[in-house]
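Shown next, in structure tokens, is the structure this report addresses.
Residue numbers count from 1 along this sequence. Just so it is clear, the structure is predicted and the values come from calculations on it, not from any experiment.
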Amino acid sequence: MSLEIFEIVLSLEDSQIFWRNDELARTDTAAQTPDWPNRDNILTYRTALRDWPSTSDFPDTRPELGS
């Protein structure tokens, strides 16, 4: 039996989309809980994450929570 290791090389755009999708998943609970602390900032952040690929900032400048 042999073990094969594959190296996966993502483009910058693909790796940033992967990061964005992870951030959206990470903030799902907060977005769906009405009394979550800082929820309004999280909802704004999630909107920025979803819109990010269509902006001139993509892929170089990631959205930040609270900005």
Side-chain angles (χ1 to χ4, degrees):
M1 180 156 114
S2 66
L3 175 65
E4 292 185 40
I5 299 175
F6 295 95
E7 180 178 346
I8 298 174
V9 179
L10 298 175
S11 68
L12 176 59
E13 290 84 2
D14 288 341
S15 67
Q16 294 294 47
I17 291 292
F18 184 82
W19 172 83
R20 182 202 65 161
N21 292 346
D22 189 53
E23 285 294 286
L24 286 168
R26 191 176 65 81
T27 58
D28 274 348
T29 300
Q32 297 172 16
T33 306
D35 60 345
W36 194 276
N38 202 27
R39 182 174 182 258
D40 290 341
N41 285 343
I42 291 170
L43 293 176
T44 300
Y45 176 59
R46 288 172 57 85
T47 298
L49 288 170
R50 286 191 300 274
D51 294 346
W52 182 43
S54 64
T55 68
S56 61
D57 291 335
F58 184 78
D60 299 319
T61 306
R62 290 178 173 180
E64 295 181 7
L65 181 59
S67 61

- prompt: Can we say Glu23 and Arg20 salt-bridge, meaning some charged N sits less than 4.0 Å from an Asp/Glu carboxylate O?
  reply: no

Can you name the closest pair of heavy atoms from [X] and [Y] and give their distance?
{"X": "Thr55", "Y": "Asp51", "answer": "CG2-O, 3.4 Å"}
{"X": "Trp19", "Y": "Pro63", "answer": "CH2-O, 3.8 Å"}
{"X": "Pro59", "Y": "Trp52", "answer": "O-CZ2, 3.6 Å"}
{"X": "Asn41", "Y": "Leu65", "answer": "O-CD1, 3.6 Å"}

message: My understanding is that only residues two or more places apart in sequence, or in another chain, count here; which of them pass side chain to side chain donor-acceptor pair (under 3.5 Å) with Asp28?
response: Arg46

field: Cluster check Leu49, Phe18: I/L/V/M/F/W/Y, side chain < 4.5 angstrom
entry: no

- prompt: Among the clusters formed by ILVMFWY side chains lying less than 4.5 Å apart, do Leu43 and Tyr45 turn up in the same one?
  reply: no

- line: In this structure, CD1 of Ile17 is separated from CG of Asp22 (nearest 0.5 Å) by 12.5 Å

- line: Here the gap from Arg26 atom CZ to Asn21 atom CG, rounded to the nearest 0.5 Å, amounts to 13.5 Å

task: Answer yes or no: is there a donor N or O on one side and an acceptor on the other, between the side chain of Thr33 and the main chain of Ala30, under 3.5 Å?
output: no

